J.: 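My questions all concern the structure below.
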Amino acid sequence: MYMTQVRTRFSPSPTGSLHLGGTRTALFNWLFARHHGGVFILRIEDTDRERSEERFVREIKESMLWLGLDWDEGPFFQSERLPIYQEYIQRLLDQGAAFYCDCDPADLEIRKKEAMARGEKPKYDGRCRERGLKAGPNTAVRFKTPLTGTTHWHDKGKGPIVFDNRELDDLVIQRTDGIPTYNFAVVVDDITMGVTHVIRGEDHIPNTPRQILIYQALGAALPEFAHMTVTLAPGGGKLSKRRGALPILTYRDQGYLPQALVNYMVRLGWAHGDQEIFSREELIQYFSLEHMSKSPGVYDEEKLLWLNSHYIKETPLPELARLLRPFLERLDLPASDLGYLAQAAGTLNTRCKTLVEMADAARFYLEEPKSYEEKGAKKFLTSESAANLEEIKKRLAAMAEFSEAALNQLFQDLTAETGLKMVQLAQPVRLALTGKTVSPGLFDIINILGKDEVLKRLNLALDFIYKKQ
RNA sequence: GUCCCCAUCGUCUAGCCUGGUCCAGGACACCGGCCUUUCACGCCGGCAACACCGGUUCAAAUCCGGUUGGGGACGCCA
């Protein structure tokens with residue numbers, strides 16, 4: 001489809017945890033590359049020396065790998081590429097497309113505020129443009145932006161976009177400390193790494209004309225640009241740390257499955273007809289920039305939860321047991337028997353939306369009830385029900401094996417003999433076995449717990465009733 | 001303030017490019033019902049939207065303009 005191989009990149013800055021928004025950008029880039037059999041590059045933009053931290057680099061990588069977003073090249077670090085940027089800066093300086101500037105940042109700030117007050121766009125006034133300054137201790141390098149004309153491109157996500165160059169100013173491309181700034185470093189990196197498609201959040205649209213101008217000054221071919229929508233917080237405004245965005249690894253710790261997160265993120269701002277559920281293969285097969293939506297989407301935790309519960313139901317039991325184990329261990333529950341856990345998980349997978357919920361719901365499978373739900377005990381663990389519990393205990397003890405049919409027969413017989421409804425017989429037993437009024441099917445529980453454990457718990461409940469008198 | 005982007009149910013969206021098949025389809029949530037030993041799951045049904053105004057046209061959710069609203073950007077952050 002494309003003459004050259006597709007090359008995309010994800011370039012987070014390690015100044016914080018990876019959140020949903022950034023990860024969605026990574027996902028789209030990854031999908032586009034995979035769809036076209038191209039290359040996906042990971043590049044760490046750590047030119048902000050103050051705020052970049054190594055631990056965030058690790059977290060970014062861990063988050064991406066958890067989601068299955070593997071990269072083919074990198075991670076590259078901008079901090080290790082300084083000589084390359086300097087070379088390109090020099091080129092611009094030599095050809096007169098950039099100039100040194102020694103304006104005091106504090107002064108610039110004041111001038112900016114004044115411009116704002118006058119109702120003008122706050123931009124650099126170009127005072128060092130023609131001064132012919134040389135390199136010095138307090139000089140930055142600025143790009144000489146054309147004073148007239150327009151800069152335009154055909155955005156793959158938004159369509160044609162035009163900026164009047166007069167809206168732009170002479171942006172700093174190298175700080176006084178010799179480190180390049182974002183807008184310059186990205187361009188040099190994208191050129192030297194052969195990036196063919198720049199897919200990123202629409203908050204970068206205003207940067208694009210500046211970057212295009214730099215490409216042109218450098219005589220480099222332009223990549224395709226595709227700006228995707230940002231994700232909004234439910235209350236309004238862009239989703240951010242302050243506004244509801246959680247680190248990706250927090251989702252993992254809260255018991256979300258990576259497939260659910262991926263499926264959720266891709267459907268925020270992209271669609272393939274009416275389809276809601278996508279396997280990874282389908283995603284790679286169907287993904288295209290043309291079907292991205294143009295308007296921002298609002299983060300909706302309910303839908304994420306729905307997807308998570310869907311994938312929990314889809315997960316084969318042995319696998320689910322393996323995934324559940326760490327969450328049980330976190331609750332100090334004995335979780336070594338994976339076969340047993342798989343059986344338990346089979347009764348919980350339609351009842352829990354996260355692994356955290358499931359671990360909590362599985363508690364009774366791994367330890368006897370320490371107490372009984374108060375309201376339920378009051379209603380069902382009564383002296384009237386004691387006789388029934390005794391009878392059920394007796395009959396269960398006499399059973400050779402716990403089959404679904406046999407258990408059903410036992411309870412059917414009892415309803416016939418006592419004239420009681422099934423609920424009245426079942427709830428006391430449920431309380432006795434689980435401590436709760438809500439649980440998986442009673443026969444399943446009896447079966448999985450096994451005879452010894454069931455009898456033991458029935459006795460415990462009976463003791464509880466007798467002690468109450 | 002200036003510039004840029006956007007506008008279909010509460011939310012995610014299909015449809016819009018190539019006007020009629022759309023009194024607008026799907027999904028989440030919500031509300032009923034069925035199933036049922038509890039709770040879920042599942043199944044069935046319901047509520048609910050083309051922001052507004054003007055134009056083009058025989059015909060507009062679909063094309064054009066404006067208004068309003070939302071979002072983004074204006075850093076020697078990325």
Side-chain angles (χ1 to χ4, degrees), chain A residues 11-15 22 45-48 50-52 78 101 103 105 108-109 112 115-123 138-142 155 157-159 161-164 166-169 171-177 179-183 185-186 201-209 227 229-230 232 234 236-238 264 267-277 290-291 293-307 309 313 347-353 361 376 380 408 411 415 421-427 429-431 434 436-443:
Chain A
S11 47
S13 71
T15 53
E45 311 220 325
D46 57 352
T47 50
D48 186 340
E50 308 270 289
R51 298 189 298 152
S52 293
Q78 291 189 324
C101 167
C103 290
L108 291 170
E109 195 53 38
K112 225 155 242 182
M116 282 266 235
R118 285 196 304 269
E120 289 165 19
K121 187 155 183 150
K123 44 181 244 187
N138 282 103
T139 49
V141 177
R142 286 182 185 271
D155 197 273
K158 301 285 187 181
I161 300 181
V162 188
F163 276 83
D164 193 319
R166 280 171 297 192
E167 292 298 328
L168 279 20
D169 66 357
L171 66 153
V172 169
I173 53 180
Q174 186 180 76
R175 302 180 177 94
T176 7
D177 62 5
I179 309 285
T181 58
Y182 166 75
N183 278 116
V186 206
E202 62 185 336
D203 46 335
H204 284 283
I205 289 179
N207 290 325
T208 308
H227 288 94
T229 57
V230 294
L232 269 26
K238 195 167 87 168
Y264 179 71
R267 282 288 288 108
L268 248 184
W270 180 83
H272 183 256
D274 285 340
Q275 191 168 342
E276 294 286 350
I277 306 291
E290 284 69 43
H291 289 93
S293 39
K294 291 184 167 190
S295 47
V298 179
Y299 174 71
D300 179 13
E301 180 142 28
E302 290 291 343
K303 189 137 186 184
L304 209 205
L305 273 170
W306 171 72
L307 280 163
S309 63
K313 278 174 253 171
T347 68
L348 297 169
N349 62 168
T350 58
R351 284 163 234 269
C352 304
K353 294 188 172 184
F380 297 112
N408 193 41
F411 279 85
T415 53
K421 293 231 190 270
M422 183 63 181
V423 215
Q424 297 168 282
L425 291 173
Q427 286 301 70
V429 178
R430 190 184 308 282
L431 249 329
T434 70
K436 305 224 168 84
T437 53
V438 170
S439 82
L442 199 51
F443 302 160

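Just so you know, these numbers come straight off a predicted model, no measurement behind them. Proteins get letters first, then strands, A, B, ... in listed order; numbering begins at 1 in each. Quick note: numbers below take in every heavy atom, side chains included, and nothing from hydrogens, waters or symmetry partners.
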J.: Look at the side chain of A/R267 and the base of B/rU13, then say whether one donor and one acceptor between them are separated by less than 3.5 Å.
T.: no

J.: Write down the distance between NZ (A/K238) and C1' (B/rG70), rounded to a whole number of angstrom.
T.: 15 Å

J.: With both distances under 3.5 Å as the test, what is the Watson-Crick or G-U wobble partner of B/rC74?
T.: B/rG1

J.: Using purine N1 to pyrimidine N3 plus N6-O4 or O6-N4 for Watson-Crick, or N1-O2 and O6-N3 for G-U wobble, both under 3.5 Å, which nucleotide pairs with B/rC39?
T.: none

J.: Apply side chain to side chain contact (heavy atoms under 4.5 Å, CB included) to the pair A/Y182 and A/H204, showing each step before the final yes or no.
T.: CA-CA 11 Å; A/Y182 166 75; A/H204 284 283; 3.0 Å; yes

J.: Contact class for A/G376 (heavy atom, under 4.0 Å): base, sugar-phosphate, or nothing?
T.: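 If one applies the 4.0 Å heavy-atom cut-off, A/G376 turns out to touch nothing in the nucleic acid.
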
J.: When you check the phosphate oxygens OP1 and OP2 of B/rC41, does a side-chain N or O of A/K313 lie under 4.0 Å from one of them?
T.: no

J.: If you go through the side-chain atoms of A/S439, does one of them form a donor-acceptor pair with the base of B/rC39 closer than 3.5 Å?
T.: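 Answer no: no donor N or O sits under 3.5 Å from an acceptor.
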
J.: Using the C1' atom on both, measure B/rA14 against B/rU57 and round to a whole Å.
T.: 26 Å

J.: State which of B/rA73, B/rU2, B/rC76 makes the closest approach to the side chain of A/P206.
T.: B/rA73

J.: Give a yes/no answer on whether the side chain of A/T47 brings an N or O atom under 4.0 Å of OP1 or OP2 in B/rA78.
T.: yes

J.: Any side-chain N or O of A/K303 below 4.0 angstrom from OP1/OP2 of B/rU13?
T.: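 Result: no.
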
J.: Can A/H204 be called stacked on B/rA73 when the rule is centres closer than 5.5 Å and an angle between planes below 30°?
T.: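 So A/H204 does not count as stacking on the base.
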
J.: Counting only side-chain nitrogens and oxygens, does A/T15 get under 4.0 Å of the OP1 or OP2 atom of B/rA78?
T.: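 False: A/T15 side-chain N/O out of range (4.0 Å or more) of B/rA78 OP1/OP2.
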
J.: Looking only at N and O atoms, is any donor in the side chain of A/E276 or the base of B/rG26 less than 3.5 Å from an acceptor on the other one?
T.: yes

J.: Rounded to whole angstrom, note down the C1' distance from B/rA7 over to B/rU67.
T.: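 After rounding to an integer number of Å, I get 13 Å for this pair.
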
J.: Could you check which of B/rA14, B/rA29, B/rA73 has an atom nearest any side-chain atom of A/D274?
T.: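 Between B/rA14, B/rA29, B/rA73, the one nearest the side chain of A/D274 would be B/rA14.
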
J.: Would the number of heavy atoms belonging to other residues, nucleotides or ligands and lying under 6.0 Å from NZ of A/K421 be above 12?
T.: no

J.: Output yes when at least one side-chain N/O atom of A/K294 is less than 4.0 Å from OP1 or OP2 of B/rC6, else no.
T.: yes

J.: In Watson-Crick or G-U wobble terms, both distances under 3.5 Å, what is the partner of B/rA7?
T.: B/rU68

J.: Indicate whether any N or O donor in one side chain lies under 3.5 Å from an N or O acceptor in the other, for A/S13 and A/T15.
T.: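 The answer is yes; a qualifying pair exists.
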
J.: With a 3.5 Å cut-off and just heavy-atom distances, do the side chain of A/N207 and the base of B/rA73 make a donor-acceptor pair?
T.: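 It does not, because no donor-acceptor pair links the side chain of A/N207 to the base of B/rA73 below 3.5 Å.
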
J.: Of the options B/rU37, B/rC6, B/rC5, whose atoms approach the side-chain atoms of A/M422 most closely?
T.: B/rU37

J.: Could you measure between the two P atoms, the one in B/rG45 and the one in B/rG25, and give it in whole Å?
T.: 14 Å

J.: Please determine whether any donor N or O and acceptor N or O are separated by less than 3.5 Å between the side chain of A/R351 and the base of B/rC41.
T.: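 Such a pair does not exist between side chain and base.
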
J.: Can you tell me the base-pairing partner of B/rU62? Count Watson-Crick or G-U wobble geometry only, both distances below 3.5 Å, and say none if there is no partner.
T.: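 Its partner is none (no Watson-Crick or G-U wobble pair with both distances under 3.5 Å).
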
